[in-house]
Amino acid sequence: MRWTQSLIATLRDAPQDAEIDSHKLMIRSGLIRKLAGGLYTFMPLGLRVLHKIEAIVRQEMDAAGALEILMPALQPAELWERSGRYETMGPGMFRLKDRKDARMVMGPTHEEVATDLVTKELASYRQLPCTIYQIQTKFRDEIRPRFGLMRAKEFIMKDAYSFDISSEAADASYQKMYDAYRRIFKRCGLDARPVEADTGDIGGKFSHEFMVLADSGEDGILCCPACGYAANQEKAERRTVKLEPADSPAIEIVDTPNAGTIAQISAFLKAKPKQFIKTLIYLADAKPIAALVPGDRDLNEHKLKRLLNVRTLELAPDETVEQVTRAAIGFAGPVELDIPIYADASLEGAVDRIAGANQTDRHMLHIELARDAKVTQYADLVNVLARDACPHCGQPLEMKRGIEVGHVFKLGTKYTQAFQTTCLTETGEAATLVMGCYGIGITRTLQAVIEQSHDKDGIIWPASIAPYSVAILLLDPADAASSQAASQIENALAEAGIDAIVDDREERPGVKFKDADLIGFPIRIVVGAKSLAKGGAEIKVRTVKDSSLVPVEQVPAAVADLLAHV
RNA sequence: CGGAGCGUAGCGCAGCCUGGUAGCGCGUUUGGUUCGGGACCAAAAGGUCGAGGGUUCAAAUCCCUCCGCUCCGACCA
């Protein structure tokens, strides 16, 4: 391929709306162009990378026994009503009507369509296990698209769905996908580690996310250096230590004018934040409940939502809080509160604590939770932080940031029950199928590779997914001998199955070097009058400083050798 | 939706406070000199100053409304 024929436009400056390195580099190197917020066009170079990632995914999926299909992106709303997600997905789903006024959705994911398909197609245990997958564009009306391809309104996902006759068989299917995912990310040159995760709206009992460690990642990950435990902060369990029994003096109510936040009150009362009981009022399926956490801790809404098993959970609006507590915002407390109260496990047996008095500008001292409040249930409700004890081995945890590139779920029968997906067993009984679902954000993976693999000069592509494995810089395009040598190398590489691009632009060498580094081709071959005079072409690996001079006819062999090692 | 900020040439920016001919760098086109790590000279093209309304003799600049984009939070591959 000739550079002058391939619509490559590199930029010296990044657009001001690009924030993180990978996003800037994708724009600068001309991989993608923005159409609107969260919507991007893949330019020829970017598309080549995308195709290479997809090829790896297909190989590994096929090797794991999954069958590729292609489902419609446009789907009838009725399917989503059957699973109950038409409601729970909320405004995150693009909804529209056709000309007959039938309600449709643009598929954000395909559990419903896949389950419907299998319900109709499979009848016997002999056809199981069955795992289907597709690579397709998904649509999500993200609240806030960001960081280029990281969170887009339209993105490409590989989604797979497994169906099994039993829970044990489903576990085996899950394990197969889990293993395939490890291989896929490894082949893409990514260091992606599996961590325990929250299942969220997809549902199910168990899941792992594949996380790429990066400071720009949107998720917090707790890792135990001692035993290897790793979990998303949404999911990470807290190990709580039982409190020693102690007596608490009688409750005392004190004036705390205008001190509605923990920071203000702790300064005012000269007490540590951990002595406070933070009382948060939530609407769980529109009904008010209270959640109690220590003053120095943040509530984890995912944990609360899982505990309550509700469809919606949101912080109550100010009016509701004032109505429930009969006081201004900031003075809520657990004593004489007439709504269900859920308290963090670390508060079980808490004595001599401080909380709002449910009276404006007043707090209560010496609260003994068991004595003074009606706690409905104690449970793990707070975010785990760095230096907390590992739930498995008790050693201090570390906190890292990660980009979620894949997610595997054990769904159980959530969807197959709703769709009455059954097969006949060996004994002739109808059994509800056990399901798993598995996603890889293809476009996000592409960007995650860049985020994890770049330097000050540009992208450093792993050879497996580079837009071209080799860039041949033709420094003297007007010189017949140079031009001929470049073509000779290009053709020989093509015969060896190695893709290369020839920079045949009438540009000064410096420009070509800069662009080659920016785009990040794994191997660079320089051909010019000067190199030919010295006896051949110069071969250089992107990450290595020095180059080596190789006679033109020996270049393909040398390149093949290098590619095997980068 | 809550909080913060930004919209001026393809990209990066100045001009706005204090109203008066729309500018700079990069990129693009043409000609020339250069030519191994983003060259130089000369000429040129390229603008509804996000949109609408208002104030004014006069608005990129002041006022109002709307739209778009980005960042922090809730959503997620």
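Here is the naming used below: chain letters follow the sequence lines, and residue numbers restart at 1 for every chain.
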When you measure from the side chain of [X], which nucleotide among [options] comes out closest?
| X | options | answer |
| --- | --- | --- |
| A:F155 | B:G37, B:C35, B:A77 | B:A77 |
| A:E404 | B:C76, B:G38, B:G37 | B:C76 |
| A:K34 | B:C75, B:G36, B:U70 | B:U70 |
| A:K530 | B:C69, B:G36, B:C11 | B:G36 |
| A:K514 | B:C76, B:C11, B:G37 | B:G37 |
| A:E538 | B:G37, B:C76, B:G36 | B:G36 |
| A:Q16 | B:C71, B:G12, B:G38 | B:G12 |
| A:E507 | B:C6, B:U28, B:A77 | B:U28 |

Between [Y] and [X], is the closest basic N to carboxylate O distance under 4.0 Å?
| X | Y | result |
| --- | --- | --- |
| A:R151 | A:E218 | yes |
| A:R306 | A:D198 | yes |
| A:K235 | A:D219 | no |

Taking atom types as modelled, is there a side-chain donor on A:S216 or A:E451 under 3.5 Å from an acceptor on the other?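 Checked: A:S216/A:E451 side chains pair up, N/O donor to acceptor below 3.5 Å.
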
- Query: Among side-chain atoms of A:S162 and A:Y438, is any donor-acceptor pair under 3.5 angstrom?
  - Reply: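 Yes, a side-chain donor-acceptor pair sits under 3.5 Å.
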
Looking at [N], I'd like to know if its phosphate oxygens (OP1 or OP2) sit under 4.0 Å from a side-chain N or O belonging to [X].
| X | N | answer |
| --- | --- | --- |
| A:R12 | B:G27 | yes |
| A:K305 | B:C75 | no |
| A:R146 | B:C71 | no |
| A:H302 | B:C75 | yes |
| A:R28 | B:G27 | no |

Does [X] reach a base, just sugar-phosphate, or nothing at all? Heavy atoms under 4.0 Å.
| X | value |
| --- | --- |
| A:D219 | base |
| A:A478 | nothing |
| A:R33 | nothing |

**Q.** A:G38 vs A:L475, nearer the 5' end of RNA chain B by closest nucleotide
**A.**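 Checking each residue's closest nucleotide, the 5'-ward one belongs to A:L475.
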
Residue closer to the 5' end of RNA chain B, A:N232 versus A:V527 (nearest nucleotide) =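 With A:V527 and A:N232 compared, the 5'-side residue is A:V527.
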
| query | Would you say the base of B:C6 and the side-chain of A:D17 have a donor-acceptor pair closer than 3.5 Å? | reply |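 Answer is no: no donor-acceptor pair is held.
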
- Query: Ignoring hydrogens and angles, are the base of B:U70 and the side chain of A:R144 linked by a donor-acceptor pair under 3.5 Å?
  - Reply: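 No, no donor-acceptor pair under 3.5 Å.
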
With [atom1] as the reference atom in both, quote the distance from [N] to [M] in angstrom, rounded to an integer.
| N | M | atom1 | value |
| --- | --- | --- | --- |
| B:G25 | B:G15 | C1' | 15 Å |
| B:G53 | B:U48 | C1' | 16 Å |
| B:C16 | B:C75 | P | 44 Å |

**Message:** Stacking between B:G38 and A:F513, yes or no? Criterion: centroid separation under 5.5 angstrom, plane angle under 30 degrees.
**Reply:**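 One would not call A:F513 stacked on the B:G38 base.
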
Just wondering, do A:F185 and A:T445 contact through their side chains at under 4.5 Å, heavy atoms?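 Side-chain contact under 4.5 Å: yes.
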
Exercise for the section: Just name whichever nucleotide pairs with B:U33, Watson-Crick or G-U, keeping both distances under 3.5 Å, else none. Expected result: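 B:U33 is paired with B:A39.
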
Nearest-Å distance, CG (A:D503) to P (B:G38)?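 Nearest whole value for this atom pair: 15 Å.
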
